[in-house]
Amino acid sequence: MAKNYFYITFLLAFFFTVSVSAQDSKQLPKTQESTSIEGLSLYPNPVTNGKVYISSKNDLEKEIIVFDILGKKVLQAHLVSKELSVSELPPGVYIIKISEQNASATRKLIIR
């Protein structure tokens, strides 16, 4: 009888180990990988004059998307220069997504 308990305990331990390692090996769905933009600068923040300046080390063309705090897209633009006009946006807190070549970054943007 003691021999049966040993085998049952061994089998339970084996199945528990296999099920735990199987759960660990599952891959989570990949989110879109983003690499940071080298030398990214966003100023002034908070914005008071309706213009924000965005620069980076490479100063390439950038795609800009601005979201409100609920995640709704409120502005989209392509920048060749450093200046982005946000004068049509009401005062508040926004999330700005900046994409340059294969890199992207998000920042909080405050408009007063």
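Computed from heavy atoms alone, side chains included, the values below leave out hydrogens, waters and symmetry copies. The shown structure was predicted, so the numbers you read here are calculated from the model rather than taken from an experiment.
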Sequence neighbours left out, what passes side chain to side chain donor-acceptor pair (under 3.5 Å) with Glu61? Give chain and number order.
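For Glu61 there are no side chain to side chain donor-acceptor pair (under 3.5 Å) partners, ignoring immediate neighbours.
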Quick one: list whatever passes side chain to side chain donor-acceptor pair (under 3.5 Å) with Ser85, sequence neighbours left out.
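Ser87.
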Distance (rounded to the nearest 0.5 Å) between [X] [atom1] and [Y] [atom2]:
X      : Y     : atom1 : atom2 : result
Ser104 : Ile98 : OG    : CD1   : 9.5 Å
Leu40  : Ile54 : CG    : CD1   : 7.5 Å
Leu84  : His78 : CG    : NE2   : 12.0 Å
Lys97  : Gln76 : NZ    : CD    : 10.0 Å
Thr106 : Ile95 : OG1   : CD1   : 6.5 Å

Show the nearest heavy-atom pair for residues [X] and [Y], with the distance to one decimal.
X     : Y      : answer
Pro44 : Val52  : O-CG2, 4.0 Å
Asn45 : Ile110 : OD1-N, 2.9 Å
Ser56 : Glu38  : CB-O, 3.7 Å

Please step through side-chain contact (heavy atoms from CB on, under 4.5 Å) for the pair Leu89 and Tyr94, ending with a clear verdict.
CA-CA 10 Å; Leu89 296 177; Tyr94 297 89; 3.9 Å; yes
Do any N or O atoms from the side chain of Asn58 and from the backbone of Leu60 form a donor-acceptor pair under 3.5 angstrom?
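Judged by distance alone, no pair lies under 3.5 Å.
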Any donor-acceptor pair under 3.5 Å from Asp68 side chain to Lys73 backbone
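Side chain of Asp68 to backbone of Lys73: no pair is present.
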As a quick check of understanding, evaluate side-chain contact (heavy atoms from CB on, under 4.5 Å) for Ser41 and Tyr53, giving each step before the final call.
CA-CA 8 Å; Ser41 178; Tyr53 299 92; over 6 Å; no
Is there a side-chain contact (heavy atoms from CB on, under 4.5 Å) between Ile96 and Ile65 once you walk through the steps?
CA-CA 6 Å; Ile96 184 168; Ile65 305 174; over 6 Å; no
For the pair Val74 and Phe67, evaluate side-chain contact (heavy atoms from CB on, under 4.5 Å) and give the outcome as yes or no after the intermediate values.
CA-CA 5 Å; Val74 293; Phe67 301 94; 5.9 Å; no
Within the 4.5 Å heavy-atom criterion, are Glu88 and Leu75 side-chain neighbours or not?
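Glu88 reaches Leu75 side chain to side chain.
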Listed once per pair and sorted, the salt bridge (charged side-chain N to carboxylate O under 4.0 Å, His left out) pairs that draw on residues 100-112, sequence neighbours left out
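Residue pairs with at least one partner in residues 100-112: Lys62-Glu100.
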